[in-house]
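Here is the naming used below: chain letters follow the sequence lines, and residue numbers restart at 1 for every chain. All figures in this text were calculated on a predicted structure; none of them were measured in a lab.
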There are 2 protein chains.
Amino acid sequence: MAAALSRRDRLRAATVAEIKEIARRYLVADGPSAISLRAIARDMGMSAPSLYRYFPSLDTLITELTADAYDSVRSAMEVARDATPADDTLGRLVAVSRAFRQWAVAHPAEFSLAFGTPPPGRDMTYTKQQKPDDGAADPNLRAMQACGEAGTRFGAVFAQLFIELWTRRPFPTPAREEIPPRLRVQLGALAEELGGVLPMPAVFVYLSCWTQLYGMVALEVFGHQRWALTDAEPLFEAELAAMIRRLDPPAAGSDGR
Amino acid sequence: MAAALSRRDRLRAATVAEIKEIARRYLVADGPSAISLRAIARDMGMSAPSLYRYFPSLDTLITELTADAYDSVRSAMEVARDATPADDTLGRLVAVSRAFRQWAVAHPAEFSLAFGTPPPGRDMTYTKQQKPDDGAADPNLRAMQACGEAGTRFGAVFAQLFIELWTRRPFPTPAREEIPPRLRVQLGALAEELGGVLPMPAVFVYLSCWTQLYGMVALEVFGHQRWALTDAEPLFEAELAAMIRRLDPPAAGSDGR
DNA sequence: AGCTTGAGCTAACAGCATTAACTGAACCAA
DNA sequence: TTGGTTCAGTTAATGCTGTTAGCTCAAGCT
């Protein structure tokens, strides 16, 4: 059922892909604001209004590029993960983290789209309700929803690794009582959403690690670290090592790699 | 020598201030791309080209707004710092960190300007060389330079606290040998730049804390945490507490607050 | 064969940054 | 006080931008 596309649908898909590819070119060359329908149309030998047959607005195009960015990192991370033995969960976490950073450094514009400031009006990407009439008539809303789902799939790669790690060899967590009540309920809800495998304090560690990772990479890609460092990679590696140490403290030594 | 301004210069400064204020209004209302010279001029009852008497381009205006944002957080942080006893350095660090987050949450648009994706072409904000002909003829370059300096002044608030903390009661750091050589030289250079007070491994801890702080706040303000949390404050407080514990481990107990 | 769908077009509107050329008032020096 | 310079402001124009309306024509389906 993969090739159940009519001739027209295939042509249409090809055009959509070409539009996105050219748009991505402008994006990486001169930033998101350089993406212009007129310029894309010019490059394709078309008129600008024709593009509205494929995207209801420029914003929607950019939203779809953002979703593609999430898929792109995710697949890069999955490749790195699958190149590491399945029984070495910590090794996989390291590989995935490195892949995340490397993708980000190699694709700063896409990274900014997916992990930087969202354009105003598209903040609620991660809304989970909206079950009624789900698909929605508005194709722009549909794109935003798809973007949110792509982001969720991205996050699931990290989450899955933490779940695996926990089931194989639980990592140290703070005691339940050390976590303030208001945080407890939120983390508890999140633990449910993640499948109920991780206990609430483990979710805290998971979020903490992700925050540190994001902070490192975002600071580097956004250029907010150049006042301190000329090459951010060694610091990243050091922080990554610290993170692993936190998840596998040398006390009860094991293979660890 | 504060009032050494001619009448014309005073009027000019007032106009510049009014332009910036209106621009800021558009910024917070609808994001950076909503700042338009024509709209500002319309609001002021002027023609758009007139604004070029005050700013050489829209980009320069935005750059100056970015510099103002740095000054704004910094002053908020300084207020919070000075409201805490000078001998309680850890308390000051907590106060400053909270002020940083609170300012960010209250001013998401300005935060994005200063700490989010930089507009393409203005990446090299933090360049330090360029001593020759320093001021430079290009007023746009001058603005970018001023923006970088404002960013440096912002960072100095945190740096100063870490320096003070270290001189009062040194915090735990990794051993020199645990830090890989390539990172060592960079941190060493940075330690010099910070005045040579902090030893190299302490600089590592400083950067690590700042990264965690930035990660927390950026994730929250950019909305990349809403899939996990409805209210980011408790998690921030928990991470902040963990940071403080790292700087003042309960082993050699002291006042701590 | 005839109708419907869809892909493309042109023309047009409204908004944008920016430049050029010009006017008039404020300032400053003789 | 006069004369020249500086500077704030103007209008007109260029060339971008997203987007809508209305049209044409070929492909696809009945």
Q: Please check if the side chain of Tyr214(A) supplies one atom and the backbone of Phe115(A) the other of a donor-acceptor pair under 3.5 Å.
A: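 It does hold such a pair.
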Using a cut-off of under 3.5 Å, enumerate the N/O to N/O pairs linking the protein to nucleotides 23-30 of chain C.
unit_1	atom_1	unit_2	atom_2	d
dC27(C)	OP1	Arg7(B)	NE	3.4

Q. Just checking, is any N or O donor in the side chain of Gln212(B) or Thr211(A) under 3.5 Å from an acceptor N or O on the other one?
A.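 Checked: Gln212(B)/Thr211(A) side chains show no N/O donor-acceptor pair below 3.5 Å.
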Contact class for [X] vs. all strands (heavy atom < 4.0 Å): base, sugar-phosphate, or nothing?
{"X": "Tyr54(B)", "result": "sugar-phosphate"}
{"X": "Leu61(B)", "result": "nothing"}
{"X": "Ser36(B)", "result": "sugar-phosphate"}

Q) Does any donor-acceptor pair link the side chain of Arg53(A) with the base of dG8(C) at a separation under 3.5 Å? A)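 Counting by modelled atom types and ignoring angles, a donor-acceptor contact under 3.5 Å is found here.
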Q) Roughly, in whole Å, what's the span from CG in Asp9(A) to P in dG6(C)? A)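 Whole-Å distance recorded here is 9 Å.
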Q: Mind calculating the distance between CG (Leu37(A)) and P (dG8(C)) to the nearest angstrom?
A: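 Roughly 14 Å, once rounded to whole Å.
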**Q.** For the student: nearest non-hydrogen atoms of Met44(B) and Leu51(B), plus distance
**A.**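 Nearest pair, atom of Met44(B) first, then Leu51(B): SD-CD2, 4.4 Å.
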Q. Can you find a side chain N or O atom of Ser50(A) that sits less than 4.0 Å from OP1 or OP2 on dA7(C)?
A.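 No, because none of the side-chain N or O atoms of Ser50(A) sits under 4.0 Å from OP1 or OP2 of dA7(C).
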(Q) Nearest heavy atom decides the nucleotide; on that basis, is Thr15(A) or Arg42(B) closer to the 5' end of DNA chain C? (A)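 Per heavy-atom nearest nucleotide, the more 5' residue is Thr15(A).
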Q) Can you give the first and last nucleotides of DNA chain D, 5' to 3', that have an atom under 4.0 Å from a heavy atom of chain A? A)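 For DNA chain D, the relevant span reads dT17(D) to dG28(D).
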